[in-house]
Each structure stands twice: as C-alpha cells, then as structure tokens.
Protein chains: 2
Amino acid sequence: MKEWEKNIRVIAPYVPGEQPKDKNIIKLNTNENPYPPAPGVITAVREFDTDMLRLYPDTEASLLTEKLAEFYGLEQENFFVGVGSDDVLSVAFQTFFNSDMPIYFPDITYSFYKVWADMYRIPYECKKLDDDYNIVKEDYYKENGGVIFPNPNAPTAVLMPLDGVEDIIRHNQDVIVIVDEAYIDFGGESAVSLLEKYENLLVVQTFSKARSMAGMRIGYAMGSKRLISAMNDVKFSINSYTMNLPSIIIGASAVSDRQYFEDTLAKIVNTRENAKSRFKELGFTFTDSKANFIFVSHKKYRAKDIFEYLKSKNIFVRYFGTERVDNYLRITIGTDEQMDKLFEALEEYID
Amino acid sequence: MKEWEKNIRVIAPYVPGEQPKDKNIIKLNTNENPYPPAPGVITAVREFDTDMLRLYPDTEASLLTEKLAEFYGLEQENFFVGVGSDDVLSVAFQTFFNSDMPIYFPDITYSFYKVWADMYRIPYECKKLDDDYNIVKEDYYKENGGVIFPNPNAPTAVLMPLDGVEDIIRHNQDVIVIVDEAYIDFGGESAVSLLEKYENLLVVQTFSKARSMAGMRIGYAMGSKRLISAMNDVKFSINSYTMNLPSIIIGASAVSDRQYFEDTLAKIVNTRENAKSRFKELGFTFTDSKANFIFVSHKKYRAKDIFEYLKSKNIFVRYFGTERVDNYLRITIGTDEQMDKLFEALEEYID
C-alpha cells in the first residue's frame, strides 16, 4: 500500500439490483413501474427549452415544490426535494441523527439505512421483526437517537396501519421520526395526515415507483418548516444545485396529472392481487403485500434456485440471500403480460 | 428549544450567487456561459424516449463516461461523474481527506472547500495568496493531509502554469492532490496530461462553464483507476443513482461536439480580452484572467457601491465582501452585447 492510499476511506457500499442492458429481459428486480410516466411528460420534453440549460437551475426547485404542495395541500416550505429518495434520506440522516443514543430501525428493511449509519458514524440498533415480518411497535418506545422505518416495509411488503405509525411517533416526541413511504401509494395510508400534529415527523416519498420516473431521480421529504429548513442548511453544505432543470420541469409536469397517477396505481394493484392468487396456486407463501412487489417463499424449492432458473429464462427478480430472508424472493409487479410470462415459467419449474 | 431540536445538525451553509427569476436582467454573477449548449443537445432532447424514464438509470453512466473517455483519450475507468462538480468534490473530500493532518488550500479560493471541511470534520489550513493573488507553491510543500486548489483560482481568475502545478504534486506524493479545473478551458493548460505520471492526482472539471450546461448538473473527476474506484465506493454509500437519464444522454451528446466547444471558448476569450482593455480605460485594476470572469477593483469607487449601482441597472455581478477581496467584483464574461451594456452603465457611473 502506498502512503497516499492510507488516506482513502474504506467502506462497504450498498449494492443496488442489477440493471442489465439487454432490452429483451423481463425486469422484475428493482420495483420499477411497468407503465410509462404521465402523458404530459412527453409534452414537457418536446417543449423543453435547451437554451435554458446554460443557466444554473433554481436551487429551491420552486416549480416542483409548488406542484407538490398543490397535490398534497401543504405549503412549499414543507417540501425538501432531492436526487431520488436516497439523496433525501441521506441528507435526513446527516441532519437529524446526531445524538449519542442509537437510532432504531428494523432488522429486515431497506439495506441502505445501515450503510448511511456507517458512512456518517451514527450509532444504531436493529429491532427484530416478528415471525410474520411485522414491525413490533413497542420495541421503538425506549429512549433512542431517532427512528426510521419504511411503510410498507421493504423487502417484506408489509404495511403498518396508520394508528400503529402514530403510536410510534407518539412515543418518540423527543427525537425525529422518519417514515419512508416509497411504496405507500400502492395501498397504504400515508402519515402525511399526521404532519399537522407532529413537528418532529418527516415523511419521505419518491417519483421512482408510483410516478414511473426512476430514471429522473426525484425524491422528496414532507415535514414541518423547522425540519425542512434544517435539511436545506445541510444540503447547502454539500451541493447547492442538486435538481437539474429537466427534473424540475418534467417532475412538475408529472405530478400535475392526478388521474393518470391513480389509474396506473389501480392497474398495478389489480395485477398484484391476481398475482397473489397465482402464487398461492403454485404453493408459494407470501406476506400480504401492499406494495408494488410481492415477497414470496416456497417450501419445496429454494429461493436461490428459483432465482437462477428465472434468470436463465431472462426473467430478473431480486434475491438477497441474507439472514432470515434467504429463502425469499422479492418480485416486482409488472404488466399483466409480464406476469403471465413469469407464471408460465414458474409453472414449468414447479411440479 | 424542543428536545428533538437538539439532534439537528447546526452548520453554516455555502451561499450561492443570486438566481433572479426576472429574465430581463443581465446576469454576470455566477460564471455561466452566455451561449447555448451544443446544437446536438436539441436533437438529443427531441429524440428523448420518455418511456425509458420508468427505469432506473445506469449507475455507472457508461454512455457519458464513454464519450468523456473519447474526448480526453483516457479510459472509462478513469472517470467519476456526479451532479455538478460540487457533488464530485464533496465525494472526493469524503473519500480522500481522512488524515489527521490538515489539508491545505488557498485562503482566497472557492468558498465551498471550507464548508465541506467543516461538514466532514476535516482539519484544514489556508495558505495565503501573495499580494498579487498568486498561489505560493512552496507553502504546499510541508507534510499535510491532502491538497486542493482551483486552477485558474476563483474568484481571482489567476492561472498557475502547469509546471507550478506539477511542482506541488511532486512535493505531495504521499497524499491526494486535487486540481479543480472548472475554468481551465478558457486559457489554461490542464493537469490531465500529468495523470499518467501521478496516481495520486485527481483533476475535476464541469459541464457548467465551458460546456454551457450549468442547468444539467454534470461534473466529473479524472484520475487513476484506484482513485476513481474509491470514489465509487463512497458514492455507493450515499446514493447509487445520482445521474439521471437526461444528464447521461444529453451530456453524452454535448461532449461529442468538439468544434462547437472550441468555437464557443474562442468567442468568450475574445470578449474577455476586449473587456480587459475597456476595464483598463475606465481605471479598473484586475488580475490577468484566464477564466470566464474578471476580478476587478477600482481605486476611486468602492466595489460594493458599483455592485449596488449595477444591480439598480438590472446588471448582476458578484460581490463577496470578505477579507482581502472586499473591494473586488467578480464579473462574468457575457456576450459582446451584454458587455456593451455593462460598459455603458459603468461609463455613466465613472467620471
């Protein structure tokens, strides 16, 4: 090792799902939306004034937060926007988790939480999900440095009812509580309605799933003005201009079309409920998903083997192979046609 | 203060230049390019397939690094891309400045260096520029935790010749040296040619200035595979998908047009040299700028007063008001027409 190499930070990074470049595969491995973004997005792109690219974008992304505020009936000052919800969450970890007490999050959850905690040297404790993969809310009632959990949780797809979420917040009024709602629109009830009551609550959502725009990288946090303004201070200490002009303009256009948003969600929920019946017929067990993916297991077949088999058929699903979930697959809800192909392949494989 | 507020990080953020929304102003305050991006960008936008937005982008932004590699005659693995050079530099600070020894940078320089050092709790020492605002290279020869400086420096616009840059690198082979070349294309010689010789050298550039794409937020670092791979590990511990699809596709298109790039640069350099004569006629003093801005001072008129006067005329320039530069203005080179209006206004103001 050369002398200068000693100054290089050593860290175990997050490993995202594969992004194969082959367009002939059926991609059910990263929870993308199978439907295109709202039709207004095409118009926004066609009308995009490329000359404006020479200028720095609006640091506050006002056009985007204005449309978000309209959609949720909140004020612009209640929104923080970032480069995907990962950016938003990463800034939130840096802004809010500065206690010497450990932050709490579930043992089986979005694996980036652990990576950020390591990155920012935040102490943490993982709280075990019960045997049915539910979050045990009472585990979060002890003194801590902050709380974060996804609702629905990932990769388990299990939703906590809103009164359970509120119980956790009510017991944690001395720290900041983050509810990560990447998948909430697929059948859950958002904690946004609790923002009025709890100034220490931050709700994080994304354009990547329900809004069909993973490629645009837009995430947002909703919270009290005090929380949002603290996040902006941290953001302005890292990178003033994170949202590029296409994100602001095209994002604003996408969020304006509520009808398309609801129609797309209804289609995915319908496909998901059909998929549940078919998984059941094939002998799979699974949690009652309220997300755009199903977390499945099979008594007779190993998850890893099914994963490899499907891959050989050009169908990509997600296999984690980690403790307590090593016999599970996380399968994204695609179009009806994609799901038909998935089940055809599974029927061939399973007796 | 409520109990939960105690966990909020308190930090003094970077304050970027004003981005007024009024389109009638002459904006010479944030070093943007007065010319639009390469014509191919329009085609890239028109042909953009919005359906692809539903998918996550390529985490490696391969299309973009491929075009950059072609442009510079390097390999793709020598490039790290991020959301503007601020993102790239911020990741570089986290990746490379982990020594207990202080990092060195100039006392008058890009003010974000100090903000990142504070943010990431990196010890630092500022080395004083000489009275003509030159970096004194010998000041950087002592044992340290890393070195960073812009070349040309900002807001001074002073260029260090490449042999001076190499002297600093040669004396700092046990740490990582970052040369921040946001403005290098306007008349300087890039340290890219030194990458073959020094594995511990990182050169950072941007699409925001010479490539007329501040609104797209693309920055990049060039360095040895060892350095780039370490930066990727850190990036994957913060946010896996930073470059959105428009940045990748439209960025790749912009970098492919070398002729337009060179023509635009030639125009700006020509306007700058004319501006120098006119500033001189008006009694201004200034450093010999090799950037797309001029750092000017006037013996008879206070910088702050000129700044306010120009603002009242709808001409925005940058005034910092900080130690040692409080009687200076940083004025971006606009089009010839914009500069004519600037000088008309100044002629009215100055006897």
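Numbered from 1 within each chain, the chains take letters A, B, ... in sequence-line order.
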Subject >> Non-hydrogen side-chain atoms of Y56(A) and E32(B) separated by less than 4.5 Å >> reply: yes
Between [X] and chain B, with a heavy-atom cut-off of 4.5 Å, which part of the residue counts as in contact: side chain, backbone, both or neither?
X	result
M216(A)	both
A12(A)	backbone
Q94(A)	both
F112(A)	side chain

Please check if the side chain of [X] supplies one atom and the backbone of [Y] the other of a donor-acceptor pair under 3.5 Å.
X	Y	value
R46(B)	R46(A)	yes
R217(A)	T242(B)	no
N7(A)	N98(B)	no

Subject >> Best-contacting candidate, Q173(A), M213(A), R226(A), against chain B by heavy atom pairs under 4.5 angstrom >> reply: R226(A)
**OP:** Nearest 0.5 Å please: distance from the CG atom of D87(B) over to the CG atom of N239(A).
**Re:** 5.5 Å
Which bit of [X] is near chain A, if near means a heavy-atom gap under 4.5 Å: side chain, backbone, both or neither?
X	value
K235(B)	neither
F207(B)	neither
T30(B)	both
T50(B)	both

Subject >> Intermediate values then yes/no, side-chain contact (heavy atoms from CB on, under 4.5 Å), S237(B) and I11(A) >> reply: CA-CA 8 Å; S237(B) 303; I11(A) 193 140; 3.5 Å; yes
